Amino acid sequence: MAEGKSIIVHCEASEGKLATIATELLGCGRKLADELGQELGAVLVGSGVGSLAKEAISFGADRVYVVDDRLLKDYQTDSYVSALEKVIKQATPQILLLGQTSIGRDLAPRLAFRLETVASMDCVQLAIDTTSKRLLMTKPVFGGNAQAIFTSESSPQIATVRAKAFSPLAPDTSRKGEVISIDAALDPSAIRAKVLKKVAEEVEGIKLEDAEIVIGGGRGIGSADGFKQLEELAKLLKGAVGASRPPCDNGWIPDPLLIGLTGKIVAPDLYIAIALSGSSQHMTGCSGAKTIIAINKDPEANIFREARFGVVGDWKKILPAFADKVKELVAG
Ligand SMILES: Cc1cc2nc3c(=O)[nH]c(=O)nc-3n(C[C@H](O)[C@H](O)[C@H](O)COP(=O)(O)OP(=O)(O)OC[C@H]3O[C@@H](n4cnc5c(N)ncnc54)[C@H](O)[C@@H]3O)c2cc1C
């Protein structure tokens with residue numbers, strides 16, 4: 001595809017506003033666009049999404065492409081790929097960024113195929129090569145044991161970006177930008193799948209991905225009752241509980257609370273890792289935490305290499321004392 005001089009970010013929306021991943025991508029896209037001296041575009045695809053254009057501009061976009069169609073009310077692979085393909089062929093960006101979400105993971109490879117380019121999935125860092133001015137995309141490889149930097153010659157360079165890898169800019173409502181409406185001219189007969197029912201995931205308390213404090217429990221917690229103690233501490237700290245693979249496999253905690261390579265990615269201010277060894281697959285999901293505290297009875301456990309603070313000992317003895325201290329501090 002002919003290469004233009006812009007960066008475009010696919011902005012997902014949720015509950016009538018830009019999804020957090022969209023604001024993070026705009027923050028990252030703005031930085032890259034400034035480095036290249038290019039414009040930053042945002043694409044909004046959906047039904048009734050036009051009203052979010054201003055928000056996208058306030059978070060850094062110079063131009064917003066809006067594809068607003070009732071056929072785009074629910075996410076459907078066929079209709080969304082076609083809508084985005086149309087925008088990208090019209091805008092010819094050098095770089096296209098999408099979130100590493102279920103939607104972004106579905107769209108990126110299909111778009112890459114249609115646009116005869118390649119997509120790098122699950123990037124955790126993006127930079128511009130100072131000589132070639134191409135995008136350098138860093139992503140975990142070998143099950144999270146190493147990171148590799150990729151680039152590509154074809155255009156647009158497509159990358160999906162992991163949540164919390166970048167921070168949004170503070171919104172500036174005085175920013176001005178251009179809004180361009182695009183008619184995707186969708187053919188209803190070309191949409192091969194239908195959404196029959198939507199089931200919202202039930203979440204008690206704070207969502208794991210949004211929590212500023214996360215308590216991660218491992219195999220050493222030993223039972224569902226053990227996890228109840230972690231939940232009590234999480235309530236005190238206004239945080240959320242997650243887990244490594246064995247507690248999920250054993251049914252001590254629901255599968256959606258798995259943290260790691262095959263689970264959720266969290267980047268809280270504080271991650272308290274209790275009775276988990278700190279496998280590379282687990283750390284892939286929590287290494288973005290600002291501070292890690294570990295409790296483990298094995299002084300050689302890998303988690304102590306990752307943690308800023310650590311307590312060696314049996315969590316069953318340490319946790320009650322820790323919870324009492326937290327209660328005391330919370331009570332002021
Ligand atoms: C392809 C692939 C994908 C995977 N994806 C994931 C993933 O997304 N997330 C994930 O977590 N894992 C994942 N795994 C599994 C991963 O390799 C590890 O097996 C898993 O993370 C180990 O969990 P753990 O640390 O809880 O258990 P263990 O490694 O068994 O560690 C238990 C720890 O608890 C400590 N302990 C035991 N009792 C106590 C006590 N009373 N007090 C204090 N400490 C105690 C022990 O010293 C030990 O360090 C994946 C594996 C593969 C192959």
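Ligands are counted one by one from 1 in listed order, and the atoms in each one are counted from 1 as well. On a predicted model such as this, the values are computed, not experimentally measured, just so you know.
Ligand-side atoms of ligand 1 in range of G263: 8 (O), range being under 4.0 angstrom from any heavy atom. Under a 4.0 Å criterion applied to the non-hydrogen atoms of G218, ligand 1 contributes the atoms 26 (O). The atoms of ligand 1 that sit less than 4.0 Å from any heavy atom of D298 are 47 (O). Each of the following atoms of ligand 1 lies closer than 4.0 Å to a heavy atom of D314: 40 (C), 41 (N), 42 (N).
Atom NZ of K54 sits in a sparse spot, with 12 or fewer heavy atoms from other residues, nucleotides or ligands closer than 6.0 Å. Summarising the local packing, CD of E212 is surrounded by 12 or fewer heavy atoms from other residues, nucleotides or ligands at distances under 6.0 Å.
Ligand 1 is never approached by G285 to a heavy-atom distance shorter than 4.0 Å. I259 counts as a contact of ligand 1, since one of its heavy atoms falls under 4.0 Å from the ligand. In this structure, G313 counts as a contact residue of ligand 1, since one of its heavy atoms falls inside 4.0 Å of the ligand.
Using a 4.5 Å cut-off on side-chain heavy atoms (C-beta onward), I259 and H282 make contact.
Remark: the T101 side chain and the E12 side chain contain an N/O donor-acceptor pair separated by less than 3.5 Å. For the residue pair S152 / Q157, a side-chain donor-acceptor distance below 3.5 Å is found, with atom types taken as modelled. Inspection of the Y75 and D106 side chains reveals an N or O donor paired with an N or O acceptor under 3.5 Å.
Using a 4.0 Å cut-off between a side-chain N of Lys or Arg and a carboxylate O of Asp or Glu, K228 and D225 qualify as a salt bridge. Between K89 and E85 a salt bridge is recorded (basic side-chain N to carboxylate O distance below 4.0 Å).
The heavy atom nearest to atom 36 (N) of ligand 1, considering only S277, G226, S244, G220, is found in G220. Around atom 30 (O) of ligand 1, the closest heavy atom drawn from K316, Q281, K297, R219 belongs to R219. When the heavy atoms of I265, L258, T262 are ranked by distance to atom 6 (C) of ligand 1, first place goes to T262.
In this structure, atom 11 (O) of ligand 1 has a protein heavy-atom contact shorter than 4.0 Å. Atom 1 (C) of ligand 1 lies below 4.0 Å from none of the non-hydrogen atoms of the protein.
Using a 4.0 Å cut-off between heavy atoms, S279 contacts ligand 1 through its side chain alone, with no backbone atom that close. Under 4.0 Å from ligand 1, the heavy atoms of P246 that appear belong solely to its side chain.
Residues I272 and I253 share a hydrophobic cluster, clusters being chains of Ile/Leu/Val/Met/Phe/Trp/Tyr side chains in contact below 4.5 Å.
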Check against side chain to side chain contact (heavy atoms under 4.5 Å, CB included), L258 and K264: CA-CA 6 Å; L258 171 66; K264 298 243 157 83; over 6 Å; no
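On a distance-only criterion, A301 and ligand 1 share no N/O pair closer than 3.5 Å.
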